[in-house]
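Contents: one structure, followed by commentary.
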There are 2 protein chains.
Amino acid sequence: MTDPAQFRLQDFLPYLLNHAAEEAGQGFSRIYKDRYGMLRTEWRVLAHLGQFGPMDATRIGIMARVHKTKISRAVTALQDKRFVTRTLDGDDRRRATLCLTQAGQAAYTDLAAIAQDYDRTLLARLSAEEHAGLLDCLRKLGGDLPKD
Amino acid sequence: MTDPAQFRLQDFLPYLLNHAAEEAGQGFSRIYKDRYGMLRTEWRVLAHLGQFGPMDATRIGIMARVHKTKISRAVTALQDKRFVTRTLDGDDRRRATLCLTQAGQAAYTDLAAIAQDYDRTLLARLSAEEHAGLLDCLRKLGGDLPKD
DNA sequence: GGCTAATAGTTGTATTTGTAACCAACAATG
DNA sequence: CATTGTTGGTTACAAATACAACTATTAGCC
């Protein structure tokens, strides 16, 4: 029933998704890398804090779907860059709330604007309907984002 | 004109693409990893040889959009697994043609069948139109595949 | 032919990542 | 209120990756 001979690598979703993600991500990653020496996870942590406000590492990990060790290292790097501060939670002293510094906020604002433009140029290849349909499909495939 | 405040991370294409790609790729990668101890690039090399027949490393790198050092190491690993053979080209002795062994062919056939099923389960969440539209968008975003 | 440049592929090394083990601090149960 | 289990987060070490430098072979050109 499943005939391996008719498998088409070019239509295989993980393959196509990966190419598209790599292609789309590369251009932008060069930006935060060149401008701020950030790695992808650092950008993500910054973006989450910029978008959703202060929160702890675990929360970011869940929202961004990133393992806690990666978050931990990204946070250390962002602290070194003076982009985030950690303040221990009084009630539960295992936990620490992460917060953007002014410099971190500025970097986020800068990158968010660039990201928007970047997104627009990516989407220039697509019609509005295609765009909408694509986001829809990607959300279905990516699993539901934990919304809060 | 580009107001950073209205940047929506959840709609940012590189972010969505990456999530979807990771989510989609993970399940399948566990399969070739568990069954054959292969890494992603090894699976890709195997898949290209299985799909398109014998070719040299450079060609695979171009088609799969993978750097030559990664290809080189994947090929070494596949040779160690007795899945591919290298035969030096007579005309140009820098070049070597890679070819699946019987075991390599068998592994490819096995994985191709699984990949097909896997793809189907991924696509179960999408309608036929969505599927078609998605492939279309991903091809546009991923850049044109070098077809030969 | 003899020189320089280009190409196929490999290797070295510094970063990055993944996995597991770990240390606190807190929670729950007896 | 001890003891066992969880949870937030870090660290250690192995594996994988990126990037540059390298070898070997071919190509172009005077």
Side-chain angles (χ1 to χ4, degrees), chain A residues 18-19 21-23 25-27 29-30 32-34 36-45 48-49 54-81 84-99 146, chain B residues 18-19 21-23 25-27 29-30 32-34 36-45 48-49 54-81 84-99 146:
Chain A
N18 197 67
H19 276 329
E22 238 162 59
E23 182 76 15
Q26 200 135 359
S29 83
R30 249 200 357 270
Y32 54 69
K33 189 168 184 188
D34 287 353
Y36 301 103
M38 286 197 275
L39 299 175
R40 190 167 53 175
T41 306
E42 294 171 50
W43 149 246
R44 287 223 187 148
V45 168
H48 277 265
L49 293 173
M55 59 179 122
D56 61 49
T58 299
R59 162 66 65 91
I60 297 180
I62 291 169
M63 292 187 76
R65 291 139 170 261
V66 173
H67 190 90
K68 60 184 179 172
T69 64
K70 266 172 101 171
I71 300 284
S72 173
R73 296 199 255 240
V75 168
T76 303
L78 289 170
Q79 280 183 287
D80 291 347
K81 295 184 174 73
V84 312
T85 57
R86 282 170 49 92
T87 52
L88 287 183
D89 183 0
D91 293 342
D92 183 344
R93 287 205 331 258
R94 289 169 301 185
R95 194 167 255 141
T97 300
L98 304 169
C99 196
Chain B
N18 197 67
H19 277 328
E22 237 162 58
E23 183 76 14
Q26 199 134 3
S29 83
R30 249 201 356 273
Y32 54 69
K33 190 168 182 189
D34 288 353
Y36 301 103
M38 285 198 273
L39 300 175
R40 190 168 52 176
T41 307
E42 294 171 50
W43 149 246
R44 287 223 186 146
V45 168
H48 278 265
L49 293 173
M55 58 180 122
D56 61 49
T58 300
R59 162 65 65 92
I60 297 180
I62 292 169
M63 292 187 75
R65 293 137 169 261
V66 173
H67 190 90
K68 61 183 179 172
T69 63
K70 265 171 102 171
I71 300 284
S72 173
R73 284 168 170 141
V75 168
T76 304
L78 289 171
Q79 281 183 286
D80 291 348
K81 295 183 175 74
V84 312
T85 57
R86 283 171 48 93
T87 52
L88 286 184
D89 183 359
D91 293 343
D92 183 344
R93 287 206 330 260
R94 291 169 298 183
R95 195 167 253 141
T97 300
L98 303 168
C99 196

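Residue numbers begin at 1 in each chain, while the letters A, B, ... track the order of the sequences. Bear in mind that the values here come from a model prediction, so they are computed numbers and not experimental data.
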Base D:dT7 to side chain A:Arg94, donor-acceptor N/O within 3.5 Å cut-off
yes
Using a heavy-atom cut-off of under 4.0 Å over every strand shown, decide if A:Thr76 touches base, sugar-phosphate, or nothing.
nothing
Going by modelled atom types, is there a donor-acceptor pair between the base of D:dG8 and the side chain of A:Arg59 at under 3.5 Å?
no
Roughly how many Å is it from CD1 in B:Ile62 to P in C:dT7, rounded to a whole number?
11 Å
Looking at the side chain of A:Asp92, which of C:dA25, C:dG9, C:dT17 is the nearest nucleotide?
C:dA25
Rounded interatomic separation in angstrom, taking NZ from B:Lys70 and P from D:dA15:
18 Å
Positive for side-chain contact (heavy atoms from CB on, under 4.5 Å) with B:Val75, one of B:Asp56, B:Ile60, B:Leu98, B:Leu49:
B:Leu98
Using a cut-off of 4.0 Å on non-hydrogen atoms, how would the nucleic acid contact of A:Arg40 be classed: base, sugar-phosphate, or nothing?
nothing
Mind checking B:Leu39 for me? I need base, sugar-phosphate or nothing, with any heavy atom below 4.0 Å counting as a touch.
sugar-phosphate
Mind calculating the distance between CZ (B:Arg93) and P (C:dA8) to the nearest angstrom?
16 Å
What contact category does A:Asp91 fall into here, base, sugar-phosphate, or nothing, at under 4.0 angstrom with non-hydrogen atoms?
sugar-phosphate
To the nearest Å, give me how far apart CD1 (A:Ile71) and P (C:dT16) are.
16 Å
Find the distance A:Arg95:CZ to D:dT10:P and express it as a whole number of Å.
13 Å
